[in-house]
Amino acid sequence: MILTPLTALPFAAPALAAEPAMTPLADPVRLALVVLVAGLVLCLAITAWFHRAMRNRWRERMRAMEHALRHARLANAQADVFMASEPQALVSWPTPDGEPMVESDGQFTALNTPPGRILAFGSWLGPADAQAMDQALARLRDTGAPLSLTLRAGDRFISAEGRIVAGAPSLRLREITGERDARARLEDQLAATESELGAVRDMLDEIPQPVWVRDRDERLVWANAAYVRAVEATDVAAVTRDALELLDQTSRAEARRQRAQGAPWQARIPAVIAGDRRIMEIVETPGVSGSAGIATDVSELARLRDDFARQTEAHARTLDQLPTGVAIFDASRKLIFHNAAYRLLWTLDQDWLESGPSDGDILERLRVWRRLPEEADFREWKARILASYTAVESHEHWWHLPDGRTIRVVINPNPQGGVTYLYDDVSERFQLESRYNGLLGVQGETLDTLREGVAVFGPDGRLRLSNPAFASLWRIPREVVSSEPHIDEVVSRARRTAGDDASWMMLRDAVVGLEDRAGGTCRMEGRADADSVLVVDCRIAPLPDGSTLITFTNVSDSVRMERALTERNEALLKASQLRDDFVHHVSYELRSPLTNIIGFVEMLGNGMIGPLNDRQREYADHILRSSTALNAIIDDILDLATIDNGELELTREPVDVRATIAAATRGVEDRLAEAAITLHVEAPSATPGFVADGKRLRQVLFNLLSNAISFSDRNRNIWLKVREDGDAIRFDVMDEGHGIPAEVLDKVFERFESHAPDARRRGVGLGLSMVRAFVELHGGRVEISSRPGVGTQVSCFFPARAPESQGAASQGPASQGPANQAPAGQAPASARPALETPHGARPSAPAPAGDAPPAPAPATGETLAKLSPD
């Protein structure tokens with residue numbers, strides 16, 4: 001812009017010339033005009049200056065822009081060269097919400113990705129890389145965070161770099177080639193290796209076996225969690241820092257020597273694991289950068305091996321105890337085990353068997369010794385036996401040997417190869433089976449011949465076995481029996497013969513009842529025909545196999561006989577009771593008049609009423625002796641009756657044996673003298689006393705001596721001996737009489753039984769019965785032996801000690817015979833008068849055998865002298 005001075009303006013000159021000169025303050029209008037003009041001039045000057053300056057500035061800018069354009073064109077050319085140097089693509093976003101601009105040289109699309117789908121990373125990248133790229137790109141656009149990633153597209157590697165360029169986010173994708181590609185691949189392999197190594201370490205941390213890694217200098221560089229727990233460390237760092245070793249120094253030295261030779265070291269050694277001593281299987285393997293080791297706890301395996309060895313040994317001992325021969329061959333057909341039964345069965349040498357002979361060698365040897373079945377083609381037979389090695393299932397053979405034995409052979413293939421032979425000698429089994437079949441036949445014949453009906457019902461209630469007597473008894477047809485009828489059908493048919501419903505229901509419940517089966521008996525009655533009654537006894541017996549055995553016995557005849565005998569026995573009991581009542585009544589009724597007779601006769605004999613002549617005195621003596629004997633008989637009858645009623649009581653007290661014998665012998669002195677019989681008494685002075693009823697003992701000895709005198713001829717001998725016999729005191733009375741026949745010997749102790757050969761010696765038959773009764777009341781026994789023409793010996797055994805349960809006295813039971821005696825209680829004997837009052841009368845004739853003694857006469861010195869001190 002050009003500024004022109006105000007003086008140069010044409011309109012200003014006349015004005016200025018016409019006006020007179022005045023001062024600036026004289027004319028305000030002029031002054032304002034001057035100011036205005038001056039302002040306009042100044043504004044024009046400033047505008048011109050500003051125009052000139054701006055023009056110069058734009059010239060400089062045009063020159064800079066031309067220079068920049070030249071540089072941009074050069075950079076563009078360089079960028080084209082750069083873009084063409086390698087496959088790559090540029091993506092930029094000029095505006096935040098605008099579409100991206102993608103520039104590619106055309107080679108980058110060799111990834112089979114159109115330029116428009118470069119940002120669809122999931123179409124040409126893996127899922128992980130695509131997700132990482134999306135997240136990094138989002139951060140670049142949102143926050144401007146730069147990104148730098150290495151991506152894998154198939155078998156190629158892509159470098160992705162992004163940053164803000166000129167305020168706009170830009171992304172550069174280029175394919176890595178050459179050394180960078182090799183490096184990327186190595187980095188990828190390293191990452192994969194590290195991942196795998198991490199997975200391996202994680203896995204090793206989870207296993208229970210301690211694992212460790214050493215470097216070339218034998219230092220621990222890594223260990224798993226099990227190793228850390230084994231050495232009781234806190235972590236792996238503590239293990240490597242403190243060099244906590246699991247193995248001892250000796251084991252590590254041995255492992256070092258093995259690794260130095262390039263071989264792995266393996267050993268089973270004891271080690272302390274978490275404070276517990278265990279057996280560990282150690283394996284250390286050398287590597288390029290060191291070595292690695294693992295320890296496996298085999299304590300349980302060692303224990304199992306020991307248990308297996310012990311169990312195998314126990315099984316071997318058990319098999320040695322079996323009667324079955326066992327032989328085990330391996331896959332090569334060699335004998336690896338045999339038991340004692342196998343060796344004894346074939347009589348083979350132990351040393352030879354332990355050498356492991358083959359199966360074929362054993363068969364050949366047994367064939368030579370003729371211990372195998374006689375076969376026409378032995379080779380073919382042997383091939384059949386050895387074919388079991390290739391078989392799948394076991395085979396059974398029966399060998400009939402030339403020596404008569406039968407062997408059952410079972411050949412069982414083993415899963416690991418080889419076979420196991422089992423040899424059973426079944427010869428005895430065949431014999432037993434034959435015998436069993438024979439016994440079954442005998443049993444069947446026996447059942448068929450039994451008169452009792454036999455029926456066996458199975459668990460299902462059907463008749464399994466029966467004999468003809470069963471069908472005949474219940475009138476069941478044979479065809480029905482053979483069809484195995486049910487118990488209900490049998491009951492319905494048998495009820496027609498015996499309609500005892502309760503018994504039949506019991507039998508049915510015993511066969512098919514659900515409750516516990518138990519045996520039992522019952523009796524059924526029915527009608528065999530119109531005139532006779534049928535009575536059947538049934539017995540039920542459960543069998544072990546669940547069957548039930550029922551037997552039916554026809555006891556009709558026995559029942560009729562039993563009823564007849566019962567009626568007769570009742571009649572006999574009544575008669576016996578009447579007899580006993582009669583005996584008691586008559587005995588007591590006779591005692592009073594007999595006592596009066598004895599008293600009056602004694603008064604007559606003593607002369608209290610008046611003197612008697614000799615003949616009258618003789619008659620009085622006869623009356624006295626007869627009355628005394630009759631009184632003694634009545635006393636014996638009462639004693640027996642008292643014993644039968646259980647009322648006889650013994651008065652037990654210490655007994656002087658010699659004094660008792662002397663008292664008993666005094667009662668028979670007159671009869672000994674009259675019959676000229678010599679009595680020999682052998683009672684040693686050392687004979688001990690014992691506790692008994694002295695009165696009854698004297699009665700026993702008196703009756704035995706009286707019986708011996710009655711059955712002895714004149715001028716004979718009688719012996720009375722006493723001695724200890726174990727826990728008893730034994731009294732023996734022996735005579736030289738006529739003896740007792742064998743057919744009579746068992747009856748001499750019965751009441752009222754007298755078997756004297758003539759009427760002179762015959763008595764009422766109560767003497768020996770009383771002897772037996774009194775001895776058994778004491779808890780003893782009586783024995784008798786006799787030979788006709790030689791003599792008789794009666795032995796009485798008294799217990800040396802009174803039974804503790806009886807105390808001082810015992811009571812006999814009520815019975816009909818002397819053999820049935822029992823202890824009696826203790827009470828005063830008041831049932832009858834005592835037999836101890838001596839009478840001076842002498843009998844005119846010998847007393848009957850076995851009768852009670854007459855009143856004894858005073859003992860003489862001659863008789864007492866016969867008591868031998870020996």
_Which label fits Phe329 and Tyr421: parallel for a plane angle under 30°, tilted from 30 to 60°, or perpendicular past 60°?_
perpendicular
_Within this structure, what is the CG-CZ distance for the pair Asp545 and Arg464, rounded to the nearest 0.5 Å?_
10.5 Å
*Under 3.5 Å, is there a donor-acceptor pair between the side chain of Asp460 and the main chain of Arg462?*
yes
*Give the intermediate values and the outcome of side chain to side chain contact (heavy atoms under 4.5 Å, CB included) for residues Glu525 and Val559.*
CA-CA 11 Å; Glu525 295 189 10; Val559 169; 5.6 Å; no
*Does the Ser472 side chain pair with the main chain of Ala469, one donor and one acceptor, at a distance under 3.5 Å?*
no
*Which class fits the ring pair Phe470 and Phe457: parallel under 30°, tilted 30 to 60°, perpendicular over 60°?*
perpendicular
*Does CZ belonging to Arg370 count more than 12 external heavy atoms closer than 6.0 Å?*
no
*Looking at side-chain heavy atoms only, is the closest gap between Leu447 and Leu465 below 4.5 Å?*
yes
*Do Arg256 and Glu218 pass the side chain to side chain contact (heavy atoms under 4.5 Å, CB included) test, and can you show the C-alpha distance, the side-chain angles, and the key distance before you say yes or no?*
CA-CA 9 Å; Arg256 191 180 306 113; Glu218 299 294 330; 4.0 Å; yes
*Classify the angle between the aromatic ring planes of Trp346 and Trp399 as parallel (below 30°), tilted (30 to 60°) or perpendicular (above 60°).*
tilted
_From Thr296 atom OG1 to Arg278 atom CZ, the distance as rounded to the nearest 0.5 Å_ = 12.5 Å
*asked:* Please evaluate residues Asp488 and Val491 with respect to the criterion side chain to side chain contact (heavy atoms under 4.5 Å, CB included), reporting the C-alpha separation (whole Å), side-chain torsions for both, the decisive distance (0.1 Å), and the verdict.
replied: CA-CA 5 Å; Asp488 293 335; Val491 170; 5.6 Å; no
*Is Thr406 reaching over with its side chain to a backbone N or O of Ser427, donor-acceptor style, under 3.5 angstrom?*
no
*Separation of Leu422 CG from Ile407 CD1 (nearest 0.5 Å)*: 12.5 Å
*Taking the side chain as C-beta and beyond, is there a heavy-atom pair between Leu220 and Arg214 under 4.5 Å?*
yes
_Strictly below 4.0 Å, N to O, side chains only: are Glu452 and Arg539 in salt-bridge contact?_
no
*Return yes if a side-chain donor-acceptor contact under 3.5 Å exists between Asp248 and Thr250, otherwise no.*
no
*Look up atom OG1 in Thr551 and atom CG in Leu450, then write down how far apart they are to the nearest 0.5 Å.*
10.0 Å
*So does Glu396 have more than 12 non-hydrogen atoms from other groups sitting under 6.0 Å from CD?*
yes
*Quick one: are Val511 and Leu507 in side-chain contact, heavy atoms under 4.5 Å?*
no
*If you count the non-hydrogen atoms of other residues, nucleotides and ligands that lie under 6.0 Å from CE in Met505, is the total more than 12?*
yes
*Taking the side chain as every heavy atom from C-beta outward, state whether Thr240 and Arg219 have any atom pair closer than 4.5 Å.*
no
*May I ask you to check whether over 12 heavy atoms, not counting those of Gln249, lie within 6.0 Å of atom CD?*
no
*For the side chain of Asp320 and the backbone of Ala340, is there at least one donor-acceptor N/O pair under 3.5 Å apart?*
yes
*Using a 4.5 Å cut-off on heavy atoms from C-beta on, say whether the side chain of Trp212 contacts that of Glu284.*
yes
*asked:* In the structure I gave you, are the side-chain heavy atoms of Trp352 and Ile362 within less than 4.5 Å of one another anywhere?
replied: yes
*Heavy atoms from other residues, nucleotides or ligands near CZ of Phe378 exceed 12 (cutoff 6.0 Å)*: yes
*According to the interplanar angle, ranging from 0 to 90°, do the rings of Tyr342 and Tyr423 count as parallel (below 30°), tilted (30 to 60°) or perpendicular (above 60°)?*
tilted
*Sub-3.5 Å donor-acceptor pair from the side chain of Asp242 to the main-chain atoms of Leu244, do we have one?*
no
*Is a salt bridge present between Glu375 and Lys382, judged by a nitrogen-to-oxygen distance below 4.0 Å?*
no
_Heavy-atom neighbours of Asp403 CG exceed 12 at 6.0 Å_ = yes
*asked:* Would you say CD of Glu393 has more than 12 non-hydrogen atoms from neighbouring residues, nucleotides or ligands within 6.0 angstrom?
replied: no
_Check this for me: does any side-chain nitrogen of one of Glu254 and Arg257 sit under 4.0 Å from a carboxylate oxygen of the other?_
yes
_Considering all heavy atoms, the nearest Asn467-Val454 contact_ = OD1-N, 2.9 Å
*Is there a donor-acceptor pair closer than 3.5 Å between any side-chain N or O of Arg371 and the backbone N or O of Thr347?*
yes
*For the residue pair Pro286 and Ser291, what are the closest heavy atoms and their distance?*
CA-CB, 4.0 Å
*So do the side chains of Asp424 and Val410 get within less than 4.5 Å of each other, counting heavy atoms only?*
no
*Between atom CZ of Arg343 and atom NE2 of His338, what is the distance when rounded to the nearest 0.5 Å?*
5.0 Å
*N/O donor-acceptor pair under 3.5 Å between Asn224 side chain and Met203 backbone*: no
_Any side-chain to backbone donor/acceptor pair from Asp361 onto Lys334? Under 3.5 Å, distance only._
no
*Between the side chains of Asn414 and Thr420, is a donor N or O closer than 3.5 angstrom to an acceptor N or O?*
yes
_Verdict with reasoning, His395 to Ile385, per side chain to side chain contact (heavy atoms under 4.5 Å, CB included)_ = CA-CA 9 Å; His395 295 276; Ile385 297 299; over 6 Å; no
_Main-chain N/O of Leu247 paired to Arg252 side chain as donor or acceptor, under 3.5 Å_ = yes
*Could you tell me whether a side-chain N or O of Asp359 sits under 3.5 Å from a main-chain N or O of Arg333, the two making a donor and an acceptor?*
no
_Distance (rounded to the nearest 0.5 Å) between Ile550 CD1 and Arg508 CZ_ = 12.0 Å
*Answer whether the closest heavy-atom distance between the side chains of Val236 and Tyr227 falls below 4.5 Å.*
no
*Of all heavy-atom pairs between Ala226 and Pro208, which one has the smallest distance, and what is that distance?*
CB-O, 3.5 Å
